[in-house]
Every structure is written in C-alpha cells, then in structure tokens.
Amino acid sequence: MAQILVLYNAPADPAAFDKYYRETHIPIAKKIPGLRSYTISSSTVQSLGGTPPYLIAELSFDSTEAMSAALMSAEGQAAAADVPNFATGGATLLMCDTKLV
C-alpha cells in the first residue's frame, strides 16, 4: 500500500478553506484513478511539538506504482493544480509505502 499525507497549514480564512475544500477540491481529488481511500482529519489536529496542521488528508493507493501513475494522470495534475486556490497557508505532501505491522 502507498499513501500521500497532505498537511495543510492554517489558512488565512478558515471558513473559505473549509467550504472550497469540501465542495470543490475533494470532488476533484476523488476522481484520481487508482485512489483506494480518501480520509481527512475530523477534528482539530493536536501536536506534541510545533504548530499543528490545520487539516490532514490521507490518500491511499494499492502500490507505489499506482500512486505514481495517479499523480501523473490528468486528474492527479488537476488536483495538484487546485491546491493554490484554497491552501493560502501552504501545504506539505508526504509520500510513502506502508505495511501492517
């Protein structure tokens, strides 16, 4: 399994971020081919050190290859291009393989 974690920093206008993210960005991102699951944090993110992100999104794929193909697809490119439209605080993307332990 492969994952993308997106850590969104606090936006300039949280209400506008929330509205755009839910009504516009999620529908764009859910069209990414090979997407196995898409989850977001459902409450205020807590941090043990430093400033916590405003929101965390987790996208899962069957494999690193599937994730790479998804990111290169037109739908993946559209989702990436949409981020500056609402993430005024910036975002960090983390990509990794995962396994059950």
Side-chain angles (χ1 to χ4, degrees):
M1 178 104 59
Q3 281 185 328
I4 299 173
L5 293 174
V6 186
L7 310 175
Y8 292 101
N9 297 324
D13 183 345
F17 175 98
D18 292 344
K19 180 175 175 42
Y20 189 95
Y21 188 78
R22 285 180 170 73
E23 294 178 7
T24 304
H25 187 70
I26 288 175
I28 291 170
K30 286 183 115 180
K31 293 179 183 175
I32 296 172
L35 182 64
R36 183 181 188 111
S37 68
Y38 187 118
T39 60
I40 61 170
S41 53
S42 62
S43 62
T44 302
V45 177
Q46 303 291 318
S47 175
L48 296 176
T51 304
Y54 178 74
L55 183 125
I56 300 172
E58 177 185 320
L59 293 80
S60 296
F61 300 88
D62 286 331
S63 66
T64 303
E65 295 78 15
M67 180 177 66
S68 295
L71 293 175
M72 298 306 295
S73 71
E75 296 86 352
Q77 294 296 307
D82 188 49
V83 172
N85 293 329
F86 65 93
T88 56
T92 300
L93 276 74
L94 305 171
M95 297 181 284
C96 63
D97 284 325
T98 60
K99 62 181 176 181
L100 292 174
V101 293

Legend entry - Heavy-atom closest contact (Leu7 atom, Leu94 atom, distance): CD1-CD1, 4.0 Å
Legend entry - Cluster check Met67, Leu5: I/L/V/M/F/W/Y, side chain < 4.5 angstrom: no
Inset, instruction - Output every pair passing side-chain hydrogen bond (donor to acceptor under 3.5 Å, both in side chains) with a member in residues 2-18, not counting sequence neighbours, ordered by first then second residue. - result: Gln3-Glu58, Asp18-Tyr54
Legend entry - Under 3.5 Å donor-acceptor, Glu75 side chain and Ala29 backbone: no
Legend entry - Pair listing, salt bridge (Lys or Arg N to Asp or Glu O under 4.0 Å) test, anchored in residues 39-56, at least two apart: none
Legend entry - Single-linkage hydrophobic cluster Phe17~Leu93, side-chain heavy atoms < 4.5 angstrom: yes
Inset, instruction - Evaluate side-chain contact (heavy atoms from CB on, under 4.5 Å) for Phe86 paired with Thr24, printing each intermediate quantity in order. - result: CA-CA 10 Å; Phe86 65 93; Thr24 304; over 6 Å; no
Legend entry - Spacing of NZ belonging to Lys31 relative to CD1 belonging to Ile26, to within rounding of 0.5 Å: 13.5 Å
Legend entry - Test salt bridge (charged side-chain N to carboxylate O under 4.0 Å, His left out) applied to Asp62 - qualifying residues, sequence neighbours left out: Arg36
Legend entry - Residues forming a side chain to side chain contact (heavy atoms under 4.5 Å, CB included) with Thr88, sequence neighbours excluded: Pro11, Ala12
Inset, instruction - Keeping the roles fixed (side chain from Ser73, backbone from Ala70), state whether a donor-acceptor pair exists under 3.5 Å. - result: yes
Inset, instruction - Check whether any side-chain heavy atom of Ile40 sits under 4.5 Å from a side-chain heavy atom of Tyr21, and report yes or no. - result: yes
Inset, instruction - Following the transitive rule for hydrophobic clusters with a side-chain heavy-atom cut-off under 4.5 Å over Ile, Leu, Val, Met, Phe, Trp and Tyr, establish whether Met1 and Ile4 coincide in one cluster. - result: no
Inset, instruction - Consider only side-chain heavy atoms of I, L, V, M, F, W and Y, link residues closer than 4.5 Å, and tell whether Leu59 and Val45 are in one cluster. - result: no
Legend entry - Hydrophobic cluster (4.5 angstrom, side-chain heavy atoms) - remaining members for Ile28: none
Legend entry - Closest heavy-atom pair and its distance - Ala2, Asp97: CB-OD1, 4.0 Å
Legend entry - Hphob cluster co-occupancy, Leu55 + Tyr20, side-chain heavy atoms under 4.5 angstrom: yes
Inset, instruction - Indicate yes or no: at least one non-hydrogen side-chain atom of His25 is less than 4.5 angstrom from one of Val83. - result: yes
Inset, instruction - Under the salt bridge (charged side-chain N to carboxylate O under 4.0 Å, His left out) rule, collect the residues that match up with Lys30, sequence neighbours excluded. - result: none
